[in-house]
A.B. asks: 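The structure is given below, and queries will be raised subsequently.
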Amino acid sequence: MFFRGGGIMVMMPKQFPKNFESSKYETKIYRQWERSGSFRPVSKKDGSPFCIIMPPPNANESLHAGHARFVTIEDVLIRYHRMKGDKTLWLPGADHAGIETQYVFEKKLAKEGKSRFDFDRETLYRMIWDYVAANRGDMENQLRALGASCDWERNTFTLDRKIIALVYRTFLQLHRDGLLYRGKRIVNYCPRCGTNLSQLEVDSVERTDTLYYLDYGPVKIATTRPETIFADVAVAIHPTSKGKQDLLEQQAIIPLTGKRIPIIEDSLVDPLFGTGALKITPGHDAIDFAVGKKHNLEAITVIDGAGRMTNVPDAYKGMKADQARAAVVGDLEKSGLLLKTEPITHVVGVCYKHQSLIEPMLSEQWFIKMKPLAEKAMKAIKNKEVVFPVRRFEKISYHWLKNIEDWNISRQIVWGMRIPAWQCAHCQEWIVTDGKKPVRCVSCKGADLHQDTDTFDTWFSSGQWPFATLLTQSLSKSKPSSNDFKQFYPTSVMETGYDILFFWVLRMIMIGLYSTGKVPFKTVVLHGLVRDIRGVKMSKSKGNAINPLEMIGRYGADALRMSLVWGGLIENDINFDEQKIKGQRNFANKIWNIGRLLAINTDDSKTRAAVRNKTVHDRRIMKQLAVTVQTATRAIESYKLNIAAEILYEFVWHQFADVYLESIKKKTETGEVYIPQPSLGIAHSVFRDILKALHPFMPFVTEAMWQRMSYGKKTMLIAESWPKYKTKS
RNA sequence: GGGCGUUUAGCUCAGUGGCAGAGCGUCUCGUUUACACCGAGAAGGUCGUAGGUUCAAUCCCUACAACGCCCACCA
């Protein structure tokens, strides 16, 4: 028997607005879902656990189009699995975003005429904490506006005490396992951020600079950085250089100071570049550092953390590095030691965030040995313990893991987790703990211990996010389901932008495997970036960023969501086009009006009289529905969300509305439209399944319609079950 | 220097070893008691180029080109 909407009722057109006014429903419906506890994981008979840990957005920033895309994709998966009957958990969170947040806060301080140096560490930390706490609600409300059906009772912040405790535990464990070390290395120091950055946080840009040819006595060298000559400790030539033996017996002379340094040979030198001789400056260049180490040379620092000259002749002391370059070049010219100059186009490192020039600097930092961790990750990928449905991401991941380098995890900022390591003032020994201050030095028993002032790279803690969030849930006694970790780990899907594949996803796999012995998630689904209509990456500074809330206000959350998955594969970049949202707003309205047509004609006294047999149209629409739902189901299961969205759109609009409803629509003598039975019943039955199948994509209009039609009696659509059709044999 | 991706209608993009698809845009017509946030229809493509495999290639293979992205220690 076919379901007939809401029994006997006559709905006057006036009571049923012609357009779906999204803003009238969205907030109300979301609150209804949230209050009813629909976002909590619930066990059904044959459901299996399904869990996504949300990539925590920066607690301090508003959401942009990229967030809207991930929310849509993840919410589609979550709602689908929930309807399928799986025990479904989507765990939300917020990220403290160390460097970025501190930078934003410092800009704010600067506006007030202050700087971070005006405050002690604790005060500064507290100020940033309050600042973030005040802004955090905005981001969370934006997630709600987008319809994210995540479990707010499990909402977690990356700086929650329990999370910090777990991160410290991992750090200590790495130390005990010999995977952690403190080393003096060339690091990428960003003078603007006031901290060093990992290799990943440094971008390369091509620049044209001047190449200076300098007279070093018996040899000539070419350099782009004449201000660093005071840190030179040798000049290297290639082993096949002409007159090598002769040169090796002599000494090179640093211009201006006259200091004598050895001439050495090393195959790293390119004999065809410049003069074929390379000045070795281990204190300010990574290659030189490597060469210096090989030849047992000292590393001299001549630029300090503020980017000023130090440890140089008085004439240059205190100058900024670029001023010093001009001064040095001028003096070289005067003394005739500048042989010639030529322009050179080369690649330099810049800060990924501000594009400011990176200063390679010698510094002592905490490092994690990555090779052993990466090997386990590669094995897990090979064994398909973690699957990349889009093959190219697996290839890229594997390649990166194979060539991985040690990870510098200490940052010179206060906003973040302070590193739980103390140095003994007496014997200089470092003591690592799980967060508690040690009483005495383990080696000399000294009691004068000082905690490291650095904090962890944010990615070090977020690399532990999947197990940390689930474990801290388990530690909570107040919550009914205190075994989240046991139930949901490894999680089902990790969904995030491909731009943080290396930063985050692969590190989660490595640390997850290390800490728990298991991969943190079984499937990695990556989405492409949202660009502007011309294909340019969106950013606030370019002014081409779109505000999701504005789009929601204009077209509704459903329309925005659909537009972000419709018309392109999720793994590819998309160009954001407002026309597309508009089209989906029209679609939401179409759904609304299908409901309106069915509702205003549900008059039994009229339709009962016209009962007849099923027609070709009736039978065809039933079949098309079955095929559509099956295809959509398969598409969602294989993360081809665009296919699912598109086929549902096509079916609803062009098969159901344009063809079927038109074919069954009748008019009375007075011109009133009505639909006779059994077609009306069939139409209702098809429409019910349409609402269900579209619900993951367009949760608001479908829920609003579901309730309006009283399809579920007292249940909400969010809690309904996914339509099932037997696969054709 | 290595790697990856893209190239299909005016635009944005799906897709398949067997008549080339969607949305938007354009044009024509229609309806105005489900929806103008509507309907019916039309125009528009040598599926980047050149070879190869095949009965058959937009799809598979090879080379090339253009564009884009990622990685990399030539000062």
Side-chain angles (χ1 to χ4, degrees), chain A residues 11-14 16-21 186 199-200 203-204 209 211-212 221-226 228 235-236 268-281 284-291 344 346-349 360 390-393 395-396 398-400 403 405 498-499 501-502 528-529 531 533-535 537 555-556 559 562-563 566-569 571-580 582-601 640 642-643 645-647 649-650 653-654 657-659 661-662 665 667-668 670-675:
Chain A
M11 182 81 72
M12 285 295 122
K14 269 180 206 156
F16 210 126
K18 283 172 113 176
N19 292 331
F20 173 61
E21 291 163 75
I186 291 286
Q199 192 62 42
L200 270 180
D203 286 342
S204 305
D209 281 318
L211 184 64
Y212 302 90
I221 63 99
T223 180
T224 53
R225 306 200 55 192
T228 65
V235 168
L268 237 112
V269 180
D270 179 355
L272 300 177
F273 185 91
T275 62
L278 174 66
K279 78 187 193 70
I280 301 300
T281 318
H284 292 283
D285 186 282
I287 317 166
D288 293 8
F289 184 79
V291 173
I344 177 176
H346 64 151
V347 174
V348 296
V390 176
R391 200 52 193 268
R392 71 171 188 265
F393 293 129
K395 276 203 284 191
I396 297 169
Y398 207 82
H399 184 256
W400 187 76
N403 299 300
E405 290 193 14
Y498 68 68
D499 53 330
L501 174 60
F502 303 146
L529 310 179
R531 301 171 179 280
I533 193 151
R534 288 188 187 144
K537 199 171 169 176
Y555 304 106
M562 269 300 260
S563 74
W566 193 93
L569 294 164
E571 62 265 32
N572 289 341
D573 292 354
I574 51 168
N575 295 350
F576 185 86
D577 183 358
E578 203 167 323
Q579 281 303 317
K580 212 150 113 181
K582 204 171 166 182
Q584 295 303 331
R585 188 273 317 265
N586 295 353
F587 181 50
N589 199 52
K590 190 76 191 179
I591 295 165
W592 182 257
N593 275 287
I594 291 171
R596 189 163 182 265
L597 172 66
L598 298 184
I600 62 178
N601 292 288
K640 304 251 182 207
N642 63 313
I643 304 275
E646 286 159 26
I647 193 170
Y649 178 103
E650 158 73 18
W653 202 316
H654 302 302
D658 289 348
V659 178
L661 293 180
E662 289 302 324
K665 219 161 73 178
K667 273 188 188 173
T668 61
T670 53
E672 282 181 297
V673 172
Y674 74 99
I675 297 171

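The sequence lines fix the lettering, A, B, ..., with proteins before strands; numbering per chain opens at 1.
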A.B. asks: If you take all heavy atoms of A:Ala222 and A:Gly274, which pair is closest and at what distance?
C.D. replies: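 Shortest heavy-atom separation between A:Ala222 and A:Gly274 comes out as CB-CA, 4.0 Å.
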
A.B. asks: Go through the N and O atoms of the side chain of A:Arg596 and the base of B:C35, and report whether any donor-acceptor pair is under 3.5 Å.
C.D. replies: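 It does not, because no donor-acceptor pair links the side chain of A:Arg596 to the base of B:C35 below 3.5 Å.
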
A.B. asks: Compare every heavy atom of A:Val235 with every heavy atom of A:Ala277, then report the nearest pair and how far apart it is.
C.D. replies: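 Of all heavy-atom pairs spanning A:Ala277 and A:Val235, the closest is CB-CG1, 4.0 Å.
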
A.B. asks: Distance check needed: B:C71 C1' versus A:Leu501 CG, whole Å only.
C.D. replies: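 In whole Å, B:C71 C1' lies 12 Å from A:Leu501 CG.
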
A.B. asks: Quick one: which of B:G23, B:C24, B:A34 gets closest to the side chain of A:Gln579?
C.D. replies: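 Output: B:C24.
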
A.B. asks: Roughly how many Å apart are B:U8 and B:C13, using the C1' atom of each and rounding to a whole number?
C.D. replies: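 Straight-line distance between the two C1' atoms is 9 Å.
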
A.B. asks: Report which part of the nucleic acid A:Phe502 touches: base, sugar-phosphate, or nothing (heavy-atom distance under 4.0 Å, all strands).
C.D. replies: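 Result for A:Phe502 = sugar-phosphate.
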
A.B. asks: Rounded to whole Å, how long is the line connecting atom NZ of A:Lys582 with atom P of B:G23?
C.D. replies: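 Nearest whole value for this atom pair: 17 Å.
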
A.B. asks: Could you tell me the separation between the CG atom of A:Asp499 and the C1' atom of B:G5, rounded to a whole number of Å?
C.D. replies: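 A:Asp499 atom CG is separated from B:G5 atom C1' by 15 Å.
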
A.B. asks: Taking for each residue the nucleotide of RNA chain B bearing the nearest heavy atom, is the 5' side occupied by A:Glu650 or by A:Ile574?
C.D. replies: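 Nearer the 5' end of the strand: A:Ile574.
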
A.B. asks: Can you list everything that forms a side chain to side chain contact (heavy atoms under 4.5 Å, CB included) with A:Glu646? Sequence neighbours excluded, please.
C.D. replies: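 Only A:Trp566, A:Asn642 meet the side chain to side chain contact (heavy atoms under 4.5 Å, CB included) criterion with A:Glu646.
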
A.B. asks: Say you draw a straight line from CG of A:Asp285 to CZ of A:Arg225; how long is it, rounded to the nearest 0.5 Å?
C.D. replies: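 Taking CG in A:Asp285 and CZ in A:Arg225, the distance rounds to 8.0 Å.
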
A.B. asks: Could you check whether A:Ala588 gets within reach of a base, just the sugar-phosphate, or nothing at all, counting any heavy atom under 4.0 Å?
C.D. replies: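 Result for A:Ala588 = nothing.
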
A.B. asks: Can you check the A:Phe16 CZ to B:U33 C1' distance for me, whole Å?
C.D. replies: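 Distance, rounded to whole Å: 15 Å.
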
A.B. asks: Does a side chain donor of either A:Tyr555 or A:Glu578 reach within less than 3.5 Å of an acceptor in the other side chain?
C.D. replies: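 Their side chains do contain a donor-acceptor pair, which is all the 3.5 Å distance test asks for.
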
A.B. asks: In whole Å, measure the gap between the P atoms of B:C4 and B:C60 for me.
C.D. replies: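 The same atom, P, in both gives a distance of 16 Å.
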
A.B. asks: Taking only residues two or more places apart in sequence, or in another chain, which ones meet A:Asp499 in a side chain to side chain contact (heavy atoms under 4.5 Å, CB included)?
C.D. replies: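 Once residues adjacent in sequence are excluded, the partners of A:Asp499 under the side chain to side chain contact (heavy atoms under 4.5 Å, CB included) criterion are A:Leu529.
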
A.B. asks: For A:Lys279 and A:Lys395, take the nucleotide of RNA chain B holding the closest heavy atom to each; which residue's nucleotide lies nearer the 5' end?
C.D. replies: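 Closest to the 5' end, via its nearest nucleotide, is A:Lys395.
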
A.B. asks: Going from CZ on A:Arg585 to NZ on A:Lys590, what distance comes out if it is rounded to the nearest 0.5 angstrom?
C.D. replies: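 Answer for the CZ-NZ pair, A:Arg585 versus A:Lys590, is 13.5 Å.
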
A.B. asks: For A:Phe20, check ring-ring contact (aromatic ring centres under 6.0 Å, His included) against everything at least two apart and list the hits.
C.D. replies: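 If we apply the ring-ring contact (aromatic ring centres under 6.0 Å, His included) test to A:Phe20, skipping adjacent residues, the hits are A:Tyr25, A:Trp592.
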
A.B. asks: With side chain to side chain contact (heavy atoms under 4.5 Å, CB included) as the test, pick out the partner of A:Trp653 among A:Ile594, A:Val659, A:Asn586.
C.D. replies: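 Testing A:Trp653 for a side chain to side chain contact (heavy atoms under 4.5 Å, CB included) against A:Ile594, A:Val659, A:Asn586 leaves exactly one candidate, A:Asn586.
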
A.B. asks: Pairs under 3.5 angstrom, nitrogen or oxygen only, protein versus nucleotides 28-30 of chain B, please.
C.D. replies:
none

A.B. asks: When rounded to the nearest Å, what value does the distance between C1' atoms of B:A56 and B:G25 take?
C.D. replies: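 These two C1' atoms come out 36 Å apart once rounded.
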
A.B. asks: Output a table of nitrogen or oxygen pairs between the protein and nucleotides 72-74 of chain B separated by less than 3.5 Å.
C.D. replies:
| from | atom 1 | to | atom 2 | distance (Å) |
| --- | --- | --- | --- | --- |
| B:C74 | O2 | A:Asp270 | OD2 | 2.6 |
| B:C74 | N3 | A:Asp270 | OD2 | 2.9 |

A.B. asks: Above 12 or not: heavy atoms from other molecules or residues under 6.0 Å from CD of A:Glu650?
C.D. replies: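 Yes, enclosed.
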
A.B. asks: So which heavy atom on A:Asp209 is nearest to which on A:His346, and how close?
C.D. replies: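 Looks like OD2-NE2, 2.7 Å.
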
A.B. asks: OG1/A:Thr228 to NZ/A:Lys279 distance, rounded to the nearest 0.5 angstrom?
C.D. replies: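 Those atoms lie 2.5 Å apart.
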
A.B. asks: Mind listing the N/O atom pairs, protein and nucleotides 38-43 of chain B, below 3.5 Å?
C.D. replies:
| from | atom 1 | to | atom 2 | distance (Å) |
| --- | --- | --- | --- | --- |
| B:C38 | O3' | A:Lys590 | NZ | 3.3 |
| B:G39 | OP1 | A:Trp653 | NE1 | 2.1 |
| B:G39 | OP1 | A:Asp658 | OD1 | 3.3 |

A.B. asks: Among all residues two or more places apart in sequence or in another chain, which pass the salt bridge (Lys or Arg N to Asp or Glu O under 4.0 Å) test with A:Glu662?
C.D. replies: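 A:Glu662 satisfies salt bridge (Lys or Arg N to Asp or Glu O under 4.0 Å) with A:Lys665 once adjacent residues are dropped.
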
A.B. asks: Sticking with atom C1', work out how far B:U53 lies from B:A63, rounded to a whole angstrom.
C.D. replies: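 Those two atoms are separated by 15 Å.
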
A.B. asks: For the C1' atoms, the ones on B:U62 and on B:G23, what distance do you get once it is rounded to whole angstrom?
C.D. replies: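 Looking at atom C1' only, B:U62 and B:G23 are 36 Å apart.
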
A.B. asks: What integer number of Å spans the C1' atoms of B:A34 and B:U26?
C.D. replies: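 Going atom to atom, C1' in each nucleotide, I get 28 Å.
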
A.B. asks: What residues form a side-chain hydrogen bond (donor to acceptor under 3.5 Å, both in side chains) with A:Asp573, not counting sequence neighbours?
C.D. replies: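 So A:Asp573 forms a side-chain hydrogen bond (donor to acceptor under 3.5 Å, both in side chains) with A:Tyr498, A:Arg531.
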
A.B. asks: At less than 3.5 Å, do the side-chain atoms of A:Lys665 and the base atoms of B:A34 form a donor-acceptor pair?
C.D. replies: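 Such a pair exists between side chain and base.
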
A.B. asks: In whole Å, measure the gap between the P atoms of B:U58 and B:G41 for me.
C.D. replies: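 It comes out at 30 Å once rounded to the nearest Å.
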
A.B. asks: Can you sort out the partners of A:Phe502 under ring-ring contact (aromatic ring centres under 6.0 Å, His included), two or more places apart, ordered by chain and number?
C.D. replies: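 Once residues adjacent in sequence are excluded, the partners of A:Phe502 under the ring-ring contact (aromatic ring centres under 6.0 Å, His included) criterion are A:Trp400.
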
A.B. asks: Which letters describe nucleotides 6-12 of chain B, given B = protein heavy atom under 4.0 Å from base, S = only from sugar-phosphate, - = neither?
C.D. replies: ------S

A.B. asks: To the nearest 0.5 angstrom, please state how far the CZ atom of A:Phe393 sits from the CG atom of A:Leu501.
C.D. replies: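 Reported value, rounded in 0.5 Å steps: 7.5 Å.
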
A.B. asks: So what does A:Trp566 touch, heavy atoms closer than 4.0 Å: a base, only the sugar-phosphate, or nothing?
C.D. replies: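 Result for A:Trp566 = sugar-phosphate.
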
A.B. asks: Atom CD1 of A:Ile647 and atom C1' of B:G15: how far apart are they, to the nearest Å?
C.D. replies: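 Roughly 13 Å, once rounded to whole Å.
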
A.B. asks: Using atom C1' in both nucleotides, what's the gap between B:G52 and B:A14 to the nearest angstrom?
C.D. replies: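 After rounding to an integer number of Å, I get 28 Å for this pair.
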
A.B. asks: Please map the stems of RNA chain B, keeping only stretches of three or more Watson-Crick or G-U wobble pairs with both distances under 3.5 angstrom.
C.D. replies: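 Listed by first number, the stems are B:1-7 with B:65-71, B:10-13 with B:21-24, B:26-30 with B:38-42, B:48-52 with B:60-64.
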
A.B. asks: Take atom OH of A:Tyr649 and atom P of B:A22, then tell me their distance rounded to the nearest Å.
C.D. replies: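 Going from A:Tyr649 (OH) to B:A22 (P), I get 12 Å.
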
A.B. asks: What's the closest nucleotide to the A:Ile600 side chain, out of B:C70, B:A34, B:G15?
C.D. replies: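 Comparing B:C70, B:A34, B:G15 against the side chain of A:Ile600, the answer is B:A34.
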
A.B. asks: Between atom CG in A:Leu529 and atom C1' in B:G5, what is the gap in whole Å?
C.D. replies: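 Rounded to the whole Å, the gap is 13 Å.
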
A.B. asks: Side chain of A:Asn593: nearest nucleotide among B:A14, B:C37, B:C35?
C.D. replies: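 Within the option list, the nearest is B:C35.
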
A.B. asks: Using 0.5 Å steps for rounding, measure from the CG atom of A:Asp288 to the CG atom of A:Leu278.
C.D. replies: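 It comes to 5.5 Å.
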
A.B. asks: How long is the straight-line distance from CD of A:Glu21 back to CG of A:Asn589, given to the nearest 0.5 Å?
C.D. replies: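 One gets 9.5 Å once the value is rounded to the nearest 0.5 Å.
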
A.B. asks: By side-chain hydrogen bond (donor to acceptor under 3.5 Å, both in side chains), which residues pair with A:Lys580, not counting sequence neighbours?
C.D. replies: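 Expected list: none.
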
A.B. asks: Side chain of A:Ile643 only, please: which of B:A14, B:A34, B:C71 is the nearest?
C.D. replies: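 Ranking B:A14, B:A34, B:C71 by closest atom to the A:Ile643 side chain puts B:A14 first.
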
A.B. asks: Using whole Å, what does the distance between atom C1' of nucleotide B:G5 and atom NE2 of A:His399 come to?
C.D. replies: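 Distance check: A:His399 NE2 to B:G5 C1' gives 15 Å.
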
